[in-house]
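First the proteins, then the strands, lettered A, B, ... as listed; each starts at 1.
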Amino acid sequence: MFDIKWIRANTEAFDAALSRRKGIVTRSADLLAIDDRRRDIIVRLNEAQEKRNALSKQIGQAKAQKDEAKAGELMAEVARLKDTIPAGEAEERAVELELRNALSVLPNIAFDDVPDGTDEAGNVEYFGRNGSPETAAKLRAPRPSFAFAPKEHYEVGVAANGNMDFEIAAKLSGSRFVVLKGQVARLERALGQFMLDLHTNEHGYLEVQPPLLVKDDALFGTNQLPKFEDDLFFAPHGDGRLALIPTAEVPLTNMVRESILSEEELPLRLTALTPCFRSEAGSAGRDTRGMLRQHQFNKVEMVSITTPETSVDEHERMLTCAETVLQKLGLHYRVMNLCTGDLGFGAKKTYDLEVWLPGQDTYREISSVSVCGDFQARRMDARYRPTGEKVSPRFVHTLNGSGTAVGRCLIAVLENYQQEDGSVLVPEVLRPYMGGLTSIGGR
RNA sequence: GGAGAGGUGGCAGAGUGGUCGAAUGCACCGCACUCGAAAUGCGGCGUGGGGGUGACUCCACCGUGAGUUCGAAUCUCACCCUCUCCGCCA
C-alpha cells in the first residue's frame with residue numbers, strides 16, 4: 001500500500017510507474033482528490049475539538065471555583081458543538097476508509113530493472129548479478145538426456161502403479177487432490193525435510209511452525225485481501241471466518257505485524273514447511289492432469305524482514321538459497337526476471353525458478369522469489385527502530401520466496417530421475433532421508 | 001466450557017472523572033567526568049494525523065468497538081486476548 005504523502009510529493013513518478021502495471025487506470029489525481037476532502041474534514045473537525053477542549057477546561061476551572069453560573073454558561077456554549085463533533089468524526093472515518101480502499105487495491109510499483117511486458121512472454125532470463133549463461137551453466141545441472149521417451153510424472157511406473165492415486169483422492173475430496181502412498185509419499189517427505197534442513201542449517205533461517213488458519217487482517221497484510229479473496233478457502237469460525245493459508249508467506253510475514261523491531265533483530269529470516277491451500281478458481285481446465293496444480297500442496301517458504309537499505313541484496317541472496325535446493329538435487333532449471341505484466345500484486349521485482357520437466361518437455365515454475373519493499377509493511381504496520389541518532393521508526397522491507405514448492409519438486413524428481421523400467425533414482429542428497437535407498441519403484 | 005485476575009509508551013509498572021500523553025525504573029540518545037570504559041551526574045526520549053516558509057501549534061491515541069459526561073486511561077455495556085485454577089481433550 002502506498003503512502004498518500006509520497007504520492008502527493010511524487011505525482012509524476014507515481015503515475016508513470018503505475019501505468020507500467022497491467023489494467024490499472026487509477027492515477028494520482030484520483031487519490032489526491034480524496035485526500036483533499038479528507039484534509040478539509042480534518043481541519044474543520046480539529047477546530048471544533050480544540051474549541052470543545054478549551055471550553056471544557058474552563059468549565060473545570062469554573063466548577064473548582066464554585067462559579068456555577070459561569071460553568072452553566074460555558075456548558076451551554078459547548079452544547080452547540082455537540083452535533084458537529086460526532087458528525088465530523090463520522091465523516092473523517094468515512095473518507096479515511098475511502099482513501100484506504102482506493103489505495104489497497106493498487107499494485108506495487110516495479111523496480112526499473114523489471115522488464116516491461118504484458119504476459120509471461122515478456123519475462124527475461126536472469127543469470128545472477130554479474131552472471132552470464134556460462135557462469136550459470138557451471139552451477140546448474142544440465143538438461144538430462146534420455147535413451148527412451150521420458151514420461152510425465154503421473155505416468156512414471158512408481159507413481160502410476162498406485163502410489164500417486166487421483167481416483168481415491170477424488171472420492172475423498174474431488175478433483176485437484178491427490179493421495180500419495182508408499183515410497184512416493186516418503187520421497188515427498190524427504191524433499192520437504194531436505195529443504196528445511198538446508199535453509200535452517202546452511203542459510204540461517206529460523207524454522208517456524210505457523211498456524212495454517214489465519215484472520216482477514218493477516219491476509220490483508222500480505223495482499224491476498226481485498227483483491228484475491230476468490231483464490232482462498234475459508235472455514236467458518238464463530239461469527240466470522242478463518243482462511244486456510246494459500247502460502248506460509250502469510251503467517252511468516254505477519255509475525256512482525258503491528259510491531260516495532262530493533263535494527264539488531266534484522267534481517268529476520270524465517271522458514272516453514274506447510275501445506276498450502278488454493279481454490280484455483282481462475283484456473284479451470286488448466287493443468288488438470290497430474291499433481292502440478294492442486295488445491296492442497298506442501299511448500300517450504302522463506303521470508304526475510306530487512307531494513308530498506310538491504311532488501312535488494314537480500315533478494316539476490318534469497319534467490320541463491322532457492323537455487324541451491326535445485327542445484328543440490330541436480331535438477332536443471334532457469335531463472336526468469338518477471339516482466340511487469342507477470343509480476344505479482346505486491347512485488348517490486350520477482351524471480352521465478354523454472355525447473356525442467358522432461359516428461360512435459362518444458363520448464364515449469366517451482367519457486368517464486370519476490371521483494372516487496374515497504375508495501376506489505378505498511379499494510380501490516382511493521383516497523384523497526386534504527387540504531388543511532390534517528391529514533392523515529394521506519395517501515396521494514398519484506399521478501400518472500402519458495403524454497404521450493406515440494407509437490408512440484410516431487411514431480412521434477414520423478415520426471416528427471418526416471419528410468420526406463422519405471423523406477424526412479426533417488427538424488428544423492430535425499431538418500432539419508434530415504435533410509436539410504438538409491439532408487440524407488442524397482443523390482 | 002466454568003470461576004477468578006488482568007490488558008497503559010521499546011520493556012517493566014503507577015495512575016479510579018478535569019491541570020494525565022500519562023509518575024517511576026530499565027533500555028536508548030546527547031553532554032559532563034575518565035587515558036579509555038564502567039559507575040555516576042545533567043539533559044533528552046511515545047505513535048499517527050492536520051495547520052504554518054518557519055519558530056511553533058492543534059487533534060487523536062492507555063486491548064477493540066459502542067455508550068454516559070461540558071470533560072473518560074479512569075464510569076457502563078459488548079467483544080477480543082493473556083494469565084491462574086477447574087473440567088474436557090490430541
Side-chain angles (χ1 to χ4, degrees), chain A residues 1-9 31-100 102-104 209-221 236-242 251 254-266 268 305 307 374 377-396:
Chain A
M1 193 151 74
F2 296 109
D3 177 6
I4 188 67
K5 285 193 286 194
W6 183 86
I7 295 174
R8 186 174 283 281
L31 302 162
L32 292 179
I34 301 173
D35 192 46
D36 286 340
R37 269 169 34 229
R38 175 180 146 267
R39 297 215 247 181
D40 283 347
I41 290 165
I42 286 173
V43 168
R44 280 191 284 115
L45 175 63
N46 282 4
E47 281 170 2
Q49 287 169 323
E50 184 180 354
K51 195 168 177 188
R52 179 202 58 192
N53 291 347
L55 290 172
S56 290
K57 199 167 271 185
Q58 288 175 38
I59 291 168
Q61 286 163 353
K63 290 211 167 195
Q65 293 161 12
K66 306 282 186 201
D67 189 347
E68 291 298 330
K70 188 179 181 195
E73 208 175 287
L74 292 164
M75 282 162 77
E77 196 178 345
V78 83
R80 286 199 295 275
L81 295 167
K82 273 226 102 179
D83 295 331
T84 73
I85 289 174
E89 285 170 345
E91 268 187 279
E92 187 193 2
R93 268 198 302 275
V95 73
E96 260 164 12
L97 185 65
E98 186 182 348
L99 182 60
R100 181 177 173 83
L103 289 171
S104 66
Q209 291 237 21
L212 307 180
L213 295 166
V214 295
K215 299 198 267 193
D216 279 18
D217 285 347
L219 295 160
F220 181 86
H237 179 61
D239 295 332
R241 62 181 185 180
L242 290 170
N254 276 282
M255 279 175 66
V256 298
R257 68 176 292 115
E258 294 161 62
S259 63
I260 301 177
L261 307 167
S262 65
E263 186 167 354
E264 292 77 49
E265 295 175 76
L266 304 177
L268 187 61
I305 312 294
T307 61
D374 63 6
R378 288 180 181 284
R379 298 170 84 100
M380 297 189 297
D381 191 23
R383 292 171 293 171
Y384 77 102
R385 197 180 297 282
T387 310
E389 285 178 50
K390 285 202 291 189
V391 287
S392 162
R394 304 164 73 195
F395 287 109
V396 297

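Distance, A:Glu96 CD to B:A60 P: 14 Å, rounded to whole Å. When the P atom of B:G18 is taken as reference, atom NZ of A:Lys57 falls 13 Å away, rounded to whole Å. Atom CD1 of A:Ile4 and atom C1' of B:G48 are 16 Å apart (whole Å). What separates CG of A:Asp3 from P of B:G50 is a distance of 9 Å, to the nearest Å. If you measure from atom CD of A:Glu50 to atom P of B:G71, you get 17 Å, rounded to the nearest angstrom. Between A:Glu89 atom CD and B:G48 atom C1' there is a gap of 16 Å when expressed in whole angstrom units. Summarising the geometry, the separation between CE on A:Met380 and P on B:U47 is reported as 19 Å, rounded to the nearest angstrom.
Pairing partner, B:G54: none, since no Watson-Crick or wobble contact has both distances short of 3.5 Å. The partner of B:G6, taking Watson-Crick or G-U wobble pairs whose two distances both stay under 3.5 Å, is B:C81.
Each of A:Arg38, A:Arg37, A:Arg93 was checked for a salt bridge (Lys or Arg N to Asp or Glu O under 4.0 Å) with A:Glu98, and the lone residue meeting it is A:Arg37.
Comparing B:G10, B:G50, B:G18 by their closest approach to the side chain of A:Ser56 singles out B:G18. When each of B:C70, B:U47, B:G49 is scored by its nearest atom to the side-chain atoms of A:Pro393, the top-ranked nucleotide is B:U47. For A:Arg93, the listed nucleotide lying nearest its side chain is B:A66; candidates were B:G18, B:A60, B:A66. Which of B:G49, B:G71, B:G10 sits closest to the side chain of A:Asn46 comes down to B:G49. Nearest nucleotide to the A:Ile59 side chain, out of B:G18, B:C59, B:G49: B:G18.
Residue A:Arg38 has a polar side-chain atom (N or O) positioned under 4.0 Å from OP1 or OP2 of B:G50. One finds a side-chain N or O of A:Lys5 lying less than 4.0 angstrom from the OP1 or OP2 phosphate oxygen of B:G49. Dashed line: the shortest gap from a side-chain N or O of A:Arg39 to OP1 or OP2 of B:C58 is not under 4.0 Å. Residue A:Asn53 places at least one side-chain N or O closer than 4.0 Å to OP1 or OP2 of B:C59.
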Self-check item: side-chain contact (heavy atoms from CB on, under 4.5 Å) between A:Phe220 and A:Met1, worked out
Solution: CA-CA 10 Å; A:Phe220 181 86; A:Met1 193 151 74; 4.2 Å; yes
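The residue A:Arg44 sits apart from the nucleic acid: no heavy atom pair falls under 4.0 Å.
Under a 4.0 Å N-O distance rule, the pair A:Asp35/A:Lys5 does not qualify as a salt bridge.
Here, B:C62 and B:A23 have their P atoms 16 Å apart, quoted to the whole Å.
Heavy-atom nearest nucleotides on RNA chain B were determined for A:Val43 and for A:Leu55, and the one closer to the 5' end corresponds to A:Val43.
Shown here is A:Gln209, whose CD atom has no more than 12 heavy atoms of other residues, nucleotides or ligands within 6.0 Å.
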